[in-house]
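Excluded from the calculations below are hydrogen atoms, water molecules and symmetry mates; all remaining heavy atoms, backbone and side chain alike, are included. This structure is a prediction, so every number in the text was calculated from the model and none was measured. Every number for a ligand or one of its atoms is a count from 1 in the order of the listing.
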Amino acid sequence: MKVILISKNIPEIDIDTSELEKHIAFTFLVDGISRACSHQLVRHRLASYSQQSQRYVSMKNFPYVTPPSIENKNISFTVNKEKVSLTYNEFMNLIGEAYGSLIEQNIPKEDARFILPNSCATRVVFTMNGKELIHFLKLRTCNRAQWEIREMALEILKIVREVLPEIFKKIGPECFTTGICPEGEKTCGKKEEVINFFKSF
Ligand SMILES: Cc1cc2nc3c(=O)[nH]c(=O)nc-3n(C[C@H](O)[C@H](O)[C@H](O)COP(=O)(O)OP(=O)(O)OC[C@H]3O[C@@H](n4cnc5c(N)ncnc54)[C@H](O)[C@@H]3O)c2cc1C
C-alpha cells in the first residue's frame with residue numbers, strides 16, 4: 001500500500017473546529033489497497049472519490065492484496081467434493097486466467113470483472129475536509145477497525161501529524177482523544193497500550 005498526500009488546502013488563519021470543516025482539505029492518493037478496503041473507505045460520505053475503473057482498465061494479471069493471516073499458507077478448497085490444495089497465489093492466478101479467458105471470448109471488461117475477488121488491488125484519490133478526516137481517523141485507527149483500513153489510516157495520520165501537528169497530534173482513536181472507549185463489550189481491552197502507542201506515534 002502506498003499513501004501519498006497529493007494536495008492540501010491550509011490557509012494561514014487561526015484553526016478551530018469550524019475552520020477545519022470550512023477551509024481545510026486534504027487530497028490523498030492511496031494505491032495498492034484491496035477492493036475490500038476501498039469499499040470501507042467510500043462508506044465515509046463527506047468526501048469526494050475517484051477510483052480506478054474496472055470497466056475500462058483490464059484486470060488481466062490483476063494485482064491483489066494478501067492478508068497477513070493467509071500469507072505463505074497452503075489453502076485447501078473443496079471443489080466438486082474433491083479436496084484441491086492450492087496456495088492463495090495459485091488461486092488468484094486461476095481467477096486471473098478465467099478473467100483472461102472471458103476477455104478472449106469478447107466478454108466486456110465491465111462484465112468479466114464480476115468474477116474478480118475482493119483482494120483485487122485498486123487505486124483511489126480522495127479529498128476530505130479537516131473535520132471529516134478527523135472523524136475518519138477516529139474510527140479507522142481504532143483497534144476494532146479492519147487491519148487494512150487501519151494500516152491506511154495510520155499512514156494518513158503519520159502524514160497529517162507532520163503537516164499540521166498542532167491539530168493531528170491530538171487525533172487518534174476515541175480512547176486516545178477522550179480517554180473513553182465507546183466499543184462496550186467489543187472493546188479491544190488495551191486502552192492504556194493504545195493511548196501510549198498514539199502518544200509516541
Ligand atoms: C469498526 C467498524 C465496523 C463497521 N462495521 C460495519 C458493518 O458491519 N456493516 C456496515 O454496513 N457498516 C459497517 N461500518 C461502517 C459504518 O457503519 C459507517 O458507515 C462508516 O464508518 C462511516 O462512518 P459515519 O457514518 O460515522 O460517517 P461519515 O459518512 O464519515 O460521515 C461523518 C459524519 O457526518 C454526519 N453525516 C454524514 N452524512 C450525513 C447525513 N446524510 N445526514 C446526517 N448526518 C450525516 C454524521 O454525523 C457522520 O457520523 C463499520 C465501521 C467501523 C469503523
Side-chain angles (χ1 to χ4, degrees), residues 1-10 15-52 54 65-70 113-114 116-161 163-164 166-199 201:
M1 163 190 318
K2 205 163 55 181
V3 180
I4 302 170
L5 175 62
I6 53 176
S7 89
K8 58 183 188 292
N9 189 47
I10 309 173
I15 298 171
D16 68 14
T17 315
S18 144
E19 271 67 43
L20 274 169
E21 187 183 315
K22 288 190 287 195
H23 307 301
I24 309 266
F26 298 90
T27 301
F28 292 95
L29 163 68
V30 183
D31 196 6
I33 54 167
S34 71
R35 283 246 163 189
C37 182
S38 69
H39 187 76
Q40 296 172 78
L41 171 64
V42 301
R43 292 294 300 277
H44 291 277
R45 293 162 288 175
L46 305 182
S48 301
Y49 302 96
S50 302
Q51 181 162 22
Q52 182 183 50
Q54 285 187 337
V65 175
T66 306
S69 65
I70 294 181
R113 68 175 165 166
F114 276 59
L116 296 173
N118 269 331
S119 66
C120 207
T122 188
R123 181 180 306 156
V124 184
V125 172
F126 68 94
T127 303
M128 281 182 184
N129 69 43
K131 191 173 171 192
E132 175 66 354
L133 187 63
I134 289 171
H135 178 74
F136 167 82
L137 291 170
K138 186 177 83 180
L139 294 181
R140 304 299 183 171
T141 56
C142 170
N143 267 350
R144 283 262 300 126
Q146 182 257 353
W147 66 267
E148 193 182 8
I149 196 160
R150 184 167 185 272
E151 202 174 298
M152 186 181 116
L154 290 175
E155 285 295 314
I156 290 172
L157 182 60
K158 203 182 290 170
I159 293 170
V160 291
R161 277 191 174 190
V163 173
L164 211 51
E166 62 276 29
I167 301 290
F168 287 98
K169 280 271 178 207
K170 293 177 270 184
I171 300 305
E174 195 147 337
C175 63
F176 172 70
T177 56
T178 67
I180 299 163
C181 170
E183 293 295 328
E185 281 181 359
K186 291 178 177 159
T187 180
C188 70
K190 297 178 182 167
K191 194 167 99 176
E192 292 314 316
E193 203 180 299
V194 173
I195 290 173
N196 287 331
F197 174 83
F198 282 94
K199 267 185 193 159
F201 179 71

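- Looking only at heavy atoms of the protein, atom 34 (O) of ligand 1 is closest to L46 CD1, 3.4 Å.
- Put simply, CG on N196 and NZ on K190 are 13.5 Å apart, with the number rounded to the nearest 0.5 Å.
- Nearest protein neighbour of atom 41 (N) of ligand 1, counting heavy atoms only, is R45 NH1, 3.9 Å.
- The closest protein non-hydrogen atom to atom 1 (C) of ligand 1 is R144 O, 3.6 Å.
- Closer than 4.0 Å to atom 31 (O) of ligand 1 lies at least one heavy atom of the protein.
- Close contacts of ligand 1 with E132, meaning ligand atoms under 4.0 Å from a residue heavy atom, involve 28 (P), 30 (O), 31 (O), 32 (C).
- Below 30°, between 30° and 60°, or above 60°: for F201 and F198 the angle between ring planes is between 30° and 60°, a tilted geometry.
- For atom 39 (C) of ligand 1, a protein heavy-atom neighbour is present inside the 4.0 Å cut-off.
- Rounding to the nearest 0.5 Å places CD of E132 at 12.0 Å from CG of L20.
- Summarising the geometry, atom CD1 belonging to I4 is positioned 13.0 Å from atom OG1 belonging to T27; distances are rounded to the nearest 0.5 Å.
- Checking side-chain atoms of Q40 against main-chain N and O of A36 turns up a donor-acceptor pair under 3.5 Å.
- The presence of a protein heavy atom under 4.0 Å from atom 22 (C) of ligand 1 is confirmed.
- Looking at E183, its side chain never comes within 3.5 Å of a backbone N or O of K186 through a donor-acceptor pair.
- Not a single protein heavy atom sits closer than 4.0 Å to atom 9 (N) of ligand 1.
- Here the straight-line distance linking atom CG of N9 with atom OG1 of T127 works out to 10.5 Å at 0.5 Å rounding.
- For atom 5 (N) of ligand 1, no protein non-hydrogen atom is found at a distance below 4.0 Å.
- One finds the CZ atom of R43 at 8.0 Å from the CZ atom of R140 (value rounded to the nearest 0.5 Å).
- Closest to atom 14 (N) of ligand 1, if we only count protein heavy atoms, is R140 NH2, 4.6 Å.
- The protein heavy atom nearest to atom 12 (N) of ligand 1 is R43 NH1, 3.3 Å.
- Per-atom contact check: atom 28 (P) of ligand 1 touches the protein, criterion being a heavy-atom distance below 4.0 Å.
- To the nearest 0.5 Å, atom CD1 of residue I149 and atom CZ of residue F136 are 4.5 Å apart.
- Considering only non-hydrogen atoms, atom 33 (C) of ligand 1 lies nearest to H135 out of K138, H135, Q40, H39.
- Taking a distance limit of 4.0 Å, we find that atom 47 (O) of ligand 1 is approached by no protein heavy atom.
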